[in-house]
There are 2 protein chains.
Amino acid sequence: MLISVAVIEDSRTIRESLRRIIDGTPGMRCLWAAGSAEEALTEVLRQAPDVILMDIHLPGMSGIECTARIKQAAPAVEVIMLTVYEDNEKIFRALQAGACGYLLKRTRPEELIQAIKDVKQGGAPMTSEIARRLVEAFRHPPAEHAGGDTALSRREKQILDLLSRGFTNKEIANDLSVSPETVRHHLKRVYDKFHVHSRTAAVLKYLGMEGRPS
Amino acid sequence: MLISVAVIEDSRTIRESLRRIIDGTPGMRCLWAAGSAEEALTEVLRQAPDVILMDIHLPGMSGIECTARIKQAAPAVEVIMLTVYEDNEKIFRALQAGACGYLLKRTRPEELIQAIKDVKQGGAPMTSEIARRLVEAFRHPPAEHAGGDTALSRREKQILDLLSRGFTNKEIANDLSVSPETVRHHLKRVYDKFHVHSRTAAVLKYLGMEGRPS
DNA sequence: TTGCCTATCCCCCGAAAGGGTAAGTCCCCG
DNA sequence: CGGGGACTTACCCTTTCGGGGGATAGGCAA
């Protein structure tokens with residue numbers, strides 16, 4: 001079974017290097033290699049590959065945006081993000097856009113090839129560090145990729161956490177064995193810090209969804 | 001650096017086999033090997049290992065429950081679930097309980113050893129199939145296992161959508177050019193359908209986060 | 001010591017939200 | 001044609017929120 005691969009990467013050197021690695025692998029062929037997201041989008045419509053290696057940092061449209069569009073146009077195409085970045089936010093955004101793998105550029109060629117094969121078999125190749133972050137994010141969705149650096153006190157976080165599970169102030173107060181007034185007080189401070197004026201907006205901000213698309 | 005490992009596995013054969021594999025690896029030592037969750041919990045307090053290999057299916061307390069308790073008592077201990085099951089629910093429950101890796105029992109010894117090392121380095125070893133499921137779960141939490149089949153009318157969805165972006169009833173009303181009373185009315189129906197009693201809870205349900213872990 | 005932060009609790013007020021009920025329009029389907 | 005569902009508006013009442021004060025107390029650092 002021949003796996004058709006495409007590469008999206010702005011650096012010509014890396015792009016051609018990836019193409020050589022792919023074409024040099026038996027059972028694998030590089031269909032095309034684009035230098036920009038825009039170019040890639042037209043190529044995808046012309047010839048949809050099985051797997052795409054996508055640089056996350058592209059001039060113009062980002063690789064994340066490009067991934068989202070490709071998955072919309074051709075959901076069967078599997079996308080592996082290839083990047084130098086290791087920060088959580090980019091990882092999550094890429095996965096949500098539809099990427100199924102996330103590798104660092106320093107990944108060795110043989111691992112890259114293995115990753116492409118993995119993807120075809122329904123796997124989700126990623127370094128174990130990245131897998132760990134995914135696991136962490138899965139375990140504590142709020143604390144990690146939301147609030148982040150916003151200086152919330154322990155108590156405020158705690159209350160926000162209960163708030164984000166749909167409890168009323170009174171229920172939170174009972175849960176924490178304090179007066180509802182105290183809960184309200186902490187929430188006021190949270191609203192200030194988040195620059196919001198409603199519990200709903202605060203929760204959304206806390207969960208990192210304030211900018212969700214419709 | 002010596003990595004101390006512990007094994008929790010009810011089958012004596014597999015337990016001893018795991019112990020041999022670990023003790024046969026330079027730089028690794030099997031501290032203890034328990035046959036039940038209860039036994040393991042007391043052992044953990046006595047001697048906390050760096051990494052635990054935990055069978056998910058144990059007589060009495062399950063491996064998932066046991067993982068949760070261990071992580072509570074000794075958060076630094078890393079737990080790798082070892083199992084024959086491959087179903088999503090168990091995977092997620094285990095990860096939420098605090099496991100950081102999830103391997104199938106048919107994993108070869110050398111991979112197991114590598115996984116233990118991975119964990120010590122902050123990785124999250126898992127087969128790529130399992131990683132894929134995690135990614136899937138991460139990508140569509142809302143659409144899939146939430147809202148899904150709940151029969152919401154067009155209008156109700158529309159309002160819920162605006163609601164889930166933090167708008168007040170009045171703002172939604174302006175947006176849709178209807179009266180706030182109308183918005184309130186639709187929301188009431190939504191609350192009924194969702195069996196919730198607050199906008200926050202409704203939004204969470206809508207976004208598919210109603211069962212989030214703490 | 002004097003602040004400053006966090007946490008706790010209290011007051012007030014007006015606005016918003018939740019619950020119930022009623023009634024009007026529209027359009028589709030039998 | 002009639003009935004039903006979706007959508008609309010309106011009224012009632014009660015509870016909760018959001019925003020504004022202020023008071024007390026412990027901890028921690030300048």
Side-chain angles (χ1 to χ4, degrees), chain A residues 140 142-144 146-212 214, chain B residues 143 146-210 212 214:
Chain A
H140 335 270
E144 309 305 75
D149 54 291
T150 321
L152 291 172
S153 74
R154 252 177 315 283
R155 208 50 161 179
E156 285 162 351
K157 275 186 196 167
Q158 199 174 8
I159 288 177
L160 206 33
D161 193 65
L162 292 167
L163 187 66
S164 74
R165 284 164 47 218
F167 293 113
T168 64
N169 291 354
K170 197 181 283 182
E171 289 169 329
I172 295 173
N174 282 334
D175 227 67
L176 301 180
S177 301
V178 297
S179 123
E181 288 301 322
T182 305
V183 175
R184 272 164 42 72
H185 177 264
H186 287 301
L187 279 183
K188 284 178 205 177
R189 306 191 46 125
V190 170
Y191 295 156
D192 275 352
K193 291 180 181 175
F194 278 5
H195 303 110
V196 296
H197 311 278
S198 80
R199 50 177 46 240
T200 307
V203 167
L204 292 172
K205 202 142 196 165
Y206 181 57
L207 297 177
M209 323 207 97
E210 68 293 356
R212 276 177 51 256
S214 85
Chain B
D149 55 291
T150 322
L152 291 173
S153 75
R154 255 177 313 284
R155 205 54 159 182
E156 285 161 352
K157 273 185 196 166
Q158 199 175 9
I159 288 178
L160 205 34
D161 192 67
L162 292 167
L163 186 67
S164 73
R165 285 161 53 215
F167 294 115
T168 65
N169 290 355
K170 196 182 284 183
E171 289 168 328
I172 295 173
N174 283 333
D175 228 67
L176 300 181
S177 302
V178 298
S179 119
E181 290 299 325
T182 304
V183 174
R184 273 162 43 72
H185 178 264
H186 287 303
L187 278 182
K188 284 176 205 175
R189 305 194 48 134
V190 170
Y191 296 157
D192 275 353
K193 293 180 181 175
F194 278 4
H195 303 111
V196 297
H197 311 279
S198 79
R199 48 174 54 252
T200 308
V203 167
L204 292 172
K205 202 140 197 166
Y206 181 59
L207 297 178
M209 321 209 97
E210 71 297 353
R212 279 177 44 255
S214 82

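Order of the sequence lines fixes the chain letters, A, B, ..., with proteins taken first and strands second; residue numbering starts at 1 for each chain. None of the values given here were measured: they were computed from a predicted structure.
- For A:R155, no side-chain nitrogen or oxygen approaches OP1 or OP2 of C:dT6 to under 4.0 Å.
- Within the model, atoms CD of B:E156 and OH of B:Y206 stand 11.5 Å from one another, a figure rounded to the nearest 0.5 Å.
- Mapping A:T200 and B:S177 onto DNA chain D via the closest heavy atom, the residue that lands nearer the 5' end is B:S177.
- Following rounding to the nearest Å, B:R189 (CZ) and C:dT21 (P) show an atom-to-atom distance of 14 Å.
- Going from atom CD1 of B:I172 over to atom P of C:dG18 covers 10 Å, rounded to whole Å.
- When rounded to the nearest whole Å, the span between CG of A:L176 and C1' of C:dT6 equals 15 Å.
- An OP1 or OP2 oxygen of C:dT6 is reached within less than 4.0 angstrom by no side-chain nitrogen or oxygen of A:R154.
- We find that CG of B:L162 is positioned 13 Å from P of C:dA17, with the value rounded to whole Å.
- Protein atom NE2 of B:H197 is 7 Å distant from nucleotide atom P of C:dG19, rounded to whole Å.
- Counting heavy atoms from C-beta outward, B:V196 and B:L204 have side chains that stay 4.5 Å or more apart.
- One finds the OG1 atom of B:T182 at 12.0 Å from the CD1 atom of B:I172 (value rounded to the nearest 0.5 Å).
- Taking CD1 of A:I159 as the reference point, atom NE2 of A:H185 lies at 10.0 Å (rounded to 0.5 Å).
- The shortest distance between the side-chain N/O atoms of A:N169 and the OP1/OP2 oxygens of D:dT16 is not below 4.0 Å.
- Look at A:Y191 and you'll find a side-chain N or O under 4.0 angstrom from OP1 or OP2 of D:dG18.
- Residue-level contact check: B:K188 touches the bases, meaning some heavy atom is under 4.0 Å from a base atom.
- Residues from residues 178-187 of chain B with heavy atoms under 4.0 angstrom of DNA chain C, sorted by number: B:R184.
- Out of D:dA6, D:dT8, D:dG18, the shortest distance to the side chain of A:S198 is found at D:dG18.
- Distance A:F194 CZ to D:dG19 C1': 18 Å, rounded to the nearest Å.
- Taking CZ of B:R165 as the reference point, atom OG1 of A:T200 lies at 14.0 Å (rounded to 0.5 Å).
- Spacing between atom CD of A:E171 and atom C1' of D:dC17 amounts to 15 Å, rounded to whole angstrom units.
- The nearest whole Å value for the distance from the CG atom in B:N174 to the P atom in D:dT8 is 14 Å.
- Minimum heavy-atom separation, A:R199 to A:F167: NH1-O, 3.5 Å.
- No side-chain heavy atom of B:K157 sits less than 4.5 Å from a side-chain heavy atom of B:R154.
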